[in-house]
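In the text below, chain A, chain B and the rest are named by the order of the sequence lines, each starting its count at 1. A quick note: this is a predicted structure, and the numbers were derived from the prediction, not measured. Just the heavy atoms: all of them, side chains too, but no hydrogens, waters or symmetry mates, feed the values below.
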Amino acid sequence: MQVSVYRFNPEQDESPRMQDLDVDLPPDRDMMVLDLLEMLKAKDPSLSYRRSCREGVCGSDGMNMNGKNGLACITPLSEVVKRDRLELRPLPGLPVIRDLVVDLTQFYKQYERVKPYLINDSPPPDQERLQSPEEREKLDGLYECILCACCTTSCPSFWWNPDKFVGPAGLLQAYRFLADSRDTATAERLADLEDPFSVFRCRGIMNCVSVCPRDLNPTRAIGKIKSMMVTRGT
Amino acid sequence: MVTNGSSPGRRGLVDFLVQRVSAVILGLFALCVGGWFAVNPSAGHAELAGYLGTPVMLAFASVAIASLIAHTWIGMWTIGTDYLRPHYFGRVARGVRLAYQVAVVLVLLAYGAWAITVIWRLA
């Protein structure tokens with residue numbers, strides 16, 4: 001199988017290049033893309049990528065595999081290799097630090113901007129703020145995000161306006177706290193997002209849904225934020 | 001850097017509502033005119049002018065023209081803010097975007113005035 005890997009070391013290279021490598025795979029078993037990267041790194045230790053848990057929980061090894069974002073550790077080669085070829089690139093739309101490692105600063109700034117924590121100005125009760133099972137159920141499909149950035153970096157609206165459009169991951173978390181019965185900052189949260197870019201730059205093309213390794217649906221959450229704005233703000 | 005856009009405040013929500021309401025109005029107008037053609041397949045210019053020249057259809061057509069202009073402006077402004085960026089145009093990006101927006105406004109005003117003139121000639 002031929003593997004083409006994006007290589008860029010800013011200390012040595014003037015511009016990025018694709019490195020083509022021929023790899024002999026074990027014929028009798030499938031393997032994850034991360035396993036392949038480990039094989040390549042054993043031969044060339046200068047190859048750089050992030051990885052940690054190797055089971056789709058930490059969200060470190062998000063990358064672009066044959067044109068589609070995903071987590072290398074839970075993407076089998078059998079699912080992603082086309083015509084015996086695999087092209088590995090860093091997540092699109094963010095500055096590359098080295099090889100497959102991108103600078104996620106802009107992504108985290110947008111995440112921070114939606115205030116991803118509970119805001120409740122009333123005095124805290126002795127034990128905890130309670131929720132009914134129905135209220136808790138509204139957070140399903142929202143809290144599971146691991147911030148791997150696969151969705152946000154697959155979104156053209158984020159590519160064009162990364163400083164203004166929050167992006168699907170940030171907006172999923174924005175709705176996670178808008179939907180939380182214990183949060184009292186709903187009006188302020190919505191007011192912070194009513195400009196033409198933060199939420200409304202989403203055109204609903206659903207790239208985010210297509211690539212999410214946790215099968216979450218940011219487009220639906222964004223639609224619900226828009227609905228809340230219309231029903232509460234008009 | 002993180003900003004909430006060159007047009008802060010509630011313009012995003014207002015634009016969103018204007019685009020949806022104008023789309024509904026344009027859809028209804030298209031249905032009215034298309035439906036009229038469906039039930040009058042052999043109609044010519046005189047019959048169409050008679051239909052559009054009624055006070056109700058004149059008012060409806062005027063609202064539809066205004067909706068089309070508003071809808072187009074928001075869409076074209078969005079396209080401009082997506083693609084006319086320093087990444088492609090460097091330091092002159094702001095000037096390019098301003099020229100583009102002025103051109104869009106002039107074209108839309110010209111088309112709007114022309115369409116209103118044409119439609120009200122039928123009154």
Side-chain angles (χ1 to χ4, degrees), chain A residues 92-95 103-116 152 155-167 169-171 173-174 178 187-205 222-234, chain B residues 1-28 63 66-105 108:
Chain A
L94 291 175
D103 181 357
L104 288 159
T105 305
Q106 190 70 62
F107 173 77
Y108 289 130
K109 278 186 178 174
Q110 293 292 6
Y111 174 60
E112 182 186 14
R113 194 180 132 200
V114 303
K115 300 189 177 81
T152 296
C155 177
S157 289
F158 185 76
W159 300 341
W160 310 149
N161 289 291
D163 55 335
K164 300 189 185 90
F165 176 56
V166 173
L171 291 171
Q173 290 314 297
L178 284 166
E188 295 88 331
R189 288 181 187 280
L190 290 175
D192 284 345
L193 299 171
E194 281 181 342
D195 64 275
F197 288 93
S198 300
V199 173
F200 290 106
R201 204 37 71 107
C202 169
R203 296 290 163 201
I205 63 168
I222 293 167
K224 289 192 173 177
I225 294 174
K226 289 177 180 172
S227 297
M228 285 180 84
M229 284 180 178
V230 171
T231 52
R232 293 175 65 104
T234 52
Chain B
M1 192 178 71
V2 172
T3 66
N4 66 348
S6 53
S7 304
R10 308 191 65 200
R11 223 199 92 191
L13 178 59
V14 173
D15 283 1
F16 176 77
L17 290 172
V18 167
Q19 271 206 314
R20 264 111 201 113
V21 172
S22 59
V24 170
I25 290 169
L26 288 170
L28 289 174
V63 172
S67 298
L68 184 62
I69 290 170
H71 196 93
T72 309
W73 164 244
I74 295 168
M76 297 300 277
W77 181 84
T78 305
I79 292 169
T81 49
D82 267 351
Y83 296 107
L84 304 180
R85 319 191 58 240
H87 180 73
Y88 303 114
F89 294 96
R91 279 184 290 178
V92 297
R94 197 175 282 264
V96 170
R97 191 185 289 182
L98 182 65
Y100 163 82
Q101 290 179 352
V102 168
V104 169
V105 168
L108 286 178

Verdict with supporting geometry, B/F16 and A/V199, side-chain contact (heavy atoms from CB on, under 4.5 Å)
CA-CA 10 Å; B/F16 176 77; A/V199 173; over 6 Å; no

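Counting heavy atoms from C-beta on, the side chains of B/L13 and A/F200 come closer than 4.5 Å.
The aromatic ring centroids of A/F197 and B/W77 lie less than 6.0 Å from each other.
For residues 83-90 of chain B, a heavy-atom distance under 4.5 Å to chain A picks out B/Y83, B/R85, B/Y88, given by residue number.
For A/T105, the side-chain hydrogen bond (donor to acceptor under 3.5 Å, both in side chains) criterion is met by A/D103, not counting sequence neighbours. For A/K224, there are no side-chain hydrogen bond (donor to acceptor under 3.5 Å, both in side chains) partners two or more places apart in sequence or in a different chain. Under the salt bridge (charged side-chain N to carboxylate O under 4.0 Å, His left out) criterion, B/D82 pairs with A/R201, not counting sequence neighbours.
B/T78 contributes atom OG1, which lies 4.5 Å from atom CZ of A/R203 (distance to the nearest 0.5 angstrom).
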